[in-house]
Amino acid sequence: QVQLVESGGGLVQPGGSLRLSCVASGTITINIMGWYRQAPGKQREWVAAITSTGNTNYADSVKGRFTISRDNAKNTVYLQMNSLKPEDTAVYYCNFFLSVQMRGWGQGTQVTVSS
């Protein structure tokens, strides 16, 4: 089974930027990939998705601020996060968009936007 490892999180001030990476241990070329997040005490929510050909979609809360992209040759998916807000604070996860229930979730990467 392909393993996914998220990285790039950290502590930033409101208005700052971070770039998250999700590196897969195998090919993801044909897969729709997604980013998700879960804040303390909150339900996990979908953030962004990208198809095999690069078409994207976003949750309303991040439209215009976040950009999802992929590099299939590197088996990597990215999430560029700009104009960060305190409400963006969460653990961010990547996953195969159509297989999340079967695969479960990895460790994620913590994003903290100070108040």
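It should be emphasised that the depicted structure is a prediction, and the values quoted were computed from it without experimental measurement.
- Within the structure, disulfide bond (SG atoms under 2.5 Å apart) contacts touching residues 46-81 (residues at least two apart or in different chains) do not occur.
- Within the 4.5 Å cutoff, no side-chain heavy atoms of Cys94 are placed close to those of Val77.
- Remark: Thr53 engages Thr51, Asn55 in a side-chain contact (heavy atoms from CB on, under 4.5 Å) (not counting sequence neighbours).
- Arg65 meets the salt bridge (Lys or Arg N to Asp or Glu O under 4.0 Å) test with Asp88; sequence neighbours excluded.
- A heavy-atom distance below 4.5 Å is found between the side chains of Phe66 and Leu79.
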Under 3.5 Å, sequence neighbours excluded: what are the donor-acceptor pairs made by side chains of residues 10-22?
from, atom 1, to, atom 2, distance (Å)
Ser17, OG, Asn82, OD1, 2.9

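- Applying the salt bridge (charged side-chain N to carboxylate O under 4.0 Å, His left out) test to pairs two or more places apart or on separate chains, none has a residue in residues 5-15.
- Tested against Met33 for a side-chain contact (heavy atoms from CB on, under 4.5 Å), the candidates Ile68, Leu4, Leu98, Thr76 yield a single pass: Leu4.
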For residues 39-46, which side-chain N or O atoms pair as donor and acceptor with protein atoms under 3.5 Å away, sequence neighbours left out?
from, atom 1, to, atom 2, distance (Å)
Arg44, NH2, Gln38, OE1, 3.4
Glu45, OE2, Arg37, NE, 2.6
Glu45, OE2, Arg37, NH2, 3.2
Trp46, NE1, Ala48, O, 3.0

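- Here Thr29 pairs with Thr27, Asn72 under the side-chain contact (heavy atoms from CB on, under 4.5 Å) rule; sequence neighbours left out.
- Screening residues 40-92 for disulfide bond (SG atoms under 2.5 Å apart), with sequence neighbours left out, gives no hits.
- Under the 4.5 Å side-chain heavy-atom criterion for Ile, Leu, Val, Met, Phe, Trp and Tyr, Met81 and Tyr58 are members of the same hydrophobic cluster.
- Looking at residues two or more places apart in sequence or on another chain, you find a ring pair (Phe, Tyr, Trp, His ring centres under 6.0 Å) between Tyr93 and Trp105.
- Remark: Gln3 pairs with Gln1, Ser25 by the side-chain contact (heavy atoms from CB on, under 4.5 Å) rule, at least two apart or across chains.
- Listed by chain and number, the residues in a side-chain contact (heavy atoms from CB on, under 4.5 Å) with Ser99 are Phe96, Arg103 (sequence neighbours excluded).
- Tyr78 and Ile50 are members of different hydrophobic clusters when ILVMFWY side chains are connected at heavy-atom separations under 4.5 Å.
- Sorted by first then second residue, the salt bridge (charged side-chain N to carboxylate O under 4.0 Å, His left out) pairs that include residues 69-86, not counting sequence neighbours, number zero.
- Asn95 places no side-chain N or O within donor-acceptor distance of the main-chain N or O of Gly34, the cut-off being under 3.5 Å.
- Placement of Tyr92 and Ile28 within a single hydrophobic cluster is found when ILVMFWY residues are connected by side-chain heavy-atom separations under 4.5 Å, directly or transitively.
- Annotation for Ser114 and Pro86: closest pair O-CG, 3.9 Å, computed over non-hydrogen atoms.
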